[in-house]
2 protein chains.
Amino acid sequence: MRAAEPAAAAGSEPLRWDIIELLFFAYRDFVGDADHELEAFGFGRAHHRVMHFVTRYPGLKVADLLDVLRITKQSLGRVLKQLLDEGYIVQKTGNNDRRQRLLFATPKGEALVAKLAGLQTRRIDRALEQVGPAGAEKVRQFLRAMIDRDDPDKVLEAIFRTPVAAAKE
Amino acid sequence: MRAAEPAAAAGSEPLRWDIIELLFFAYRDFVGDADHELEAFGFGRAHHRVMHFVTRYPGLKVADLLDVLRITKQSLGRVLKQLLDEGYIVQKTGNNDRRQRLLFATPKGEALVAKLAGLQTRRIDRALEQVGPAGAEKVRQFLRAMIDRDDPDKVLEAIFRTPVAAAKE
DNA sequence: AATTTATGTCAGCCATATTGACGTTTCTGC
DNA sequence: GCAGAAACGTCAATATGGCTGACATAAATT
């Protein structure tokens, strides 16, 4: 099988078919690692995303989480309730603003997130080995540049505050 | 906001929190480009995936598509029927094996796929500019190495047959 | 002739997303 | 202090895109 190159609009630059498809397959297998494990817990991808960000950014407000995940509070509500009921996450009332419910992972929650991140880390390590330390920085730069920076949420701000190592090329 | 590092299992290597999160946000925005455009057509991500692979690999069999997308034929059926009905895709009976329905994109279908790929290409080009040509090859190598290679489907075989350019570092 | 393969289809279920409406508590501005 | 806005929760209805199981047909294979 050979890949066809659909006619591009006249005068346009070449399309990045290769990267587009590599991203599709890479992301499919990347999230697949976690998906398989989550089945055993009766959780889905939505639960993972919530748990991940709450674990990584303790004290995240509900509104922050909505910004990051880009879903509605009704959608979040269902998933969050399950995680609260089953003891993976706890809520604490905000100190300054008592309307806020700050979210924290329990040890049980942290353990699950770490386990899932472990699976994904194995895949990432394997892939980074192929490109060396300098290549790893290039990959980070590339991924950062793929992300929209207008109107960043709190989590993205935190991520972009971390400087990338200077490229040594 | 600072990112917390949840306690890793004793003795384990560090987890790749940075890459894990960059992949999440990069992919979210990457598919977001197409999602917005698809709304105008009344299509979803599922339609895009089908159209994309049929356009890129003309003559794909239904069974091949099922392998690539990793969904059931019932799920595919609904989406595929819409695309056939609305004239984005046509079926032709296989020459050797008349049971097969080979799938081809119509000009209308190709145009839509090219438009969506154009949006995604703009984002990719912007990101690749940050890392230079050598960096671009590193990114390709990384993404390839993220993909499972056991039991590859026809499309993946085609992708992996294309050699990566030798790294010039 | 019997079986297997490739595909299509019917019926129903589940997870995750949506919009719209409404209620409570708490903070903020005047 | 009071009006209004903000942060959150929740009810109801709906859509999308997955799933399983069962069954049908045509064509290839044995």
Side-chain angles (χ1 to χ4, degrees), chain A residues 24 27-28 31-32 34-36 38-52 54 59-86 89-104 153-154, chain B residues 24 28 31-32 34-36 38-54 59-86 89-104 153-154:
Chain A
F24 170 78
Y27 196 77
R28 181 187 72 174
V31 295
D35 285 348
H36 298 317
L38 284 161
E39 266 184 51
F41 291 81
F43 288 155
R45 221 173 269 183
H47 301 84
H48 184 198
R49 291 194 291 255
V50 171
M51 295 256 313
H52 173 96
V54 169
L60 212 56
K61 289 185 297 177
V62 170
D64 295 332
L65 207 39
L66 292 177
D67 282 347
V68 174
L69 302 181
R70 300 227 182 125
I71 57 175
T72 57
K73 67 179 166 175
Q74 293 84 340
S75 294
L76 176 59
R78 211 173 7 95
V79 171
L80 192 53
K81 193 170 188 313
Q82 276 182 273
L83 293 172
L84 290 165
D85 288 348
E86 301 188 30
I89 284 178
V90 290
Q91 288 181 327
K92 294 184 186 169
T93 300
N95 290 326
N96 307 328
D97 188 335
R98 291 172 38 82
R99 288 173 303 181
Q100 298 171 347
R101 300 298 139 82
L102 309 184
L103 303 171
F104 297 87
D153 52 59
K154 275 194 166 182
Chain B
F24 171 79
R28 180 188 72 174
V31 296
D35 286 347
H36 299 318
L38 284 161
E39 266 183 52
F41 292 82
F43 289 153
R45 224 173 268 183
H47 300 85
H48 184 196
R49 290 195 290 253
V50 171
M51 297 255 314
H52 173 95
F53 286 110
V54 169
L60 213 56
K61 289 185 298 176
V62 171
D64 294 332
L65 205 41
L66 293 177
D67 281 348
V68 174
L69 302 180
R70 298 217 184 138
I71 58 176
T72 58
K73 68 178 166 177
Q74 293 89 335
S75 295
L76 176 59
R78 259 182 321 195
V79 172
L80 191 53
K81 193 169 187 317
Q82 276 182 272
L83 293 172
L84 289 166
D85 289 348
E86 301 188 30
I89 284 179
V90 289
Q91 288 181 326
K92 294 183 185 168
T93 300
N95 289 327
N96 307 329
D97 188 334
R98 291 169 41 82
R99 289 171 303 181
Q100 298 173 348
R101 302 298 139 83
L102 308 185
L103 303 171
F104 297 87
D153 51 60
K154 275 194 167 185

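Every chain is numbered from 1 and lettered A, B, ... according to where its sequence line falls, protein lines coming before strand lines. Please read these numbers as outputs of a predicted model, since none were measured by experiment.
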Closest listed nucleotide, where the reference is the side chain of Arg98(A) and the choices are dG18(D), dC27(C), dA6(C) = dC27(C)
Note: contacts of residues 70-82 of chain A with DNA chain D (heavy atom, under 4.0 Å) are Lys73(A), Gln74(A)
Grab the CG-P distance between Leu83(B) and dT16(D) for me, whole Å please.
-> 14 Å
Find the distance Asp35(A):CG to dG17(D):C1' and express it as a whole number of Å.
-> 15 Å
Is the distance from OP1 or OP2 of dA17(C) to the nearest side-chain N or O of Arg49(A) less than 4.0 Å?
-> yes
Heavy-atom nearest nucleotide on DNA chain D taken for Ala46(B) and for Asn95(B); more 5' hit belongs to Ala46(B)
Would you kindly give the CD-to-C1' distance between Gln100(B) and dG8(C), to the nearest whole Å?
-> 15 Å
Does any non-hydrogen side-chain atom of Leu83(A) lie less than 4.5 Å from one of Met51(A)?
-> yes
Taking the side chain of Arg101(A) as its heavy atoms from C-beta onward, which of dT7(C), dG9(D), dG18(D) lies nearest to it?
-> dG9(D)
Between dT28(C) (C1') and Asn96(A) (CG): distance, integer Å | 14 Å
How about Asp85(B): does its CG atom have over 12 heavy atoms from other parts shown lying under 6.0 Å from it?
-> yes
Is the distance from OP1 or OP2 of dT7(C) to the nearest side-chain N or O of Arg99(B) less than 4.0 Å?
-> no
Nearest-Å distance, CG (Asp67(A)) to P (dC8(D))?
-> 10 Å
Separation of His48(B) atom NE2 from dT16(D) atom P, in whole Å?
-> 18 Å
Rounding to 0.5 Å, atoms CG (Leu65(B)) and NZ (Lys73(B)) come to a distance of 14.0 Å
Are any of the side-chain heavy atoms of Arg49(A) and Arg45(A) separated by less than 4.5 Å?
-> yes
What is the nucleic acid contact for Asp64(B), judged by heavy atoms within less than 4.0 Å: base, sugar-phosphate only, or nothing?
-> nothing
Here the distance between atom P of dT16(C) and atom CG of Leu65(A), to the nearest Å, is 15 Å
When the ring planes of His52(A) and His48(A) are compared, do they come out parallel, tilted or perpendicular, using 30° and 60° as the limits?
-> perpendicular
Round to a whole Å and report the spacing from CG of Leu102(A) to C1' of dG9(D).
-> 16 Å
Shortest side-chain distance from Val62(A), nucleotide among dG18(D), dG8(C), dC8(D) = dC8(D)
Asp64(B), Leu103(B), Leu69(B) screened by side-chain contact (heavy atoms from CB on, under 4.5 Å) with Phe53(B), the one that passes | Leu69(B)
Do Thr93(B) and Gln100(B) come close enough that some side-chain heavy atom pair is under 4.5 Å?
-> no
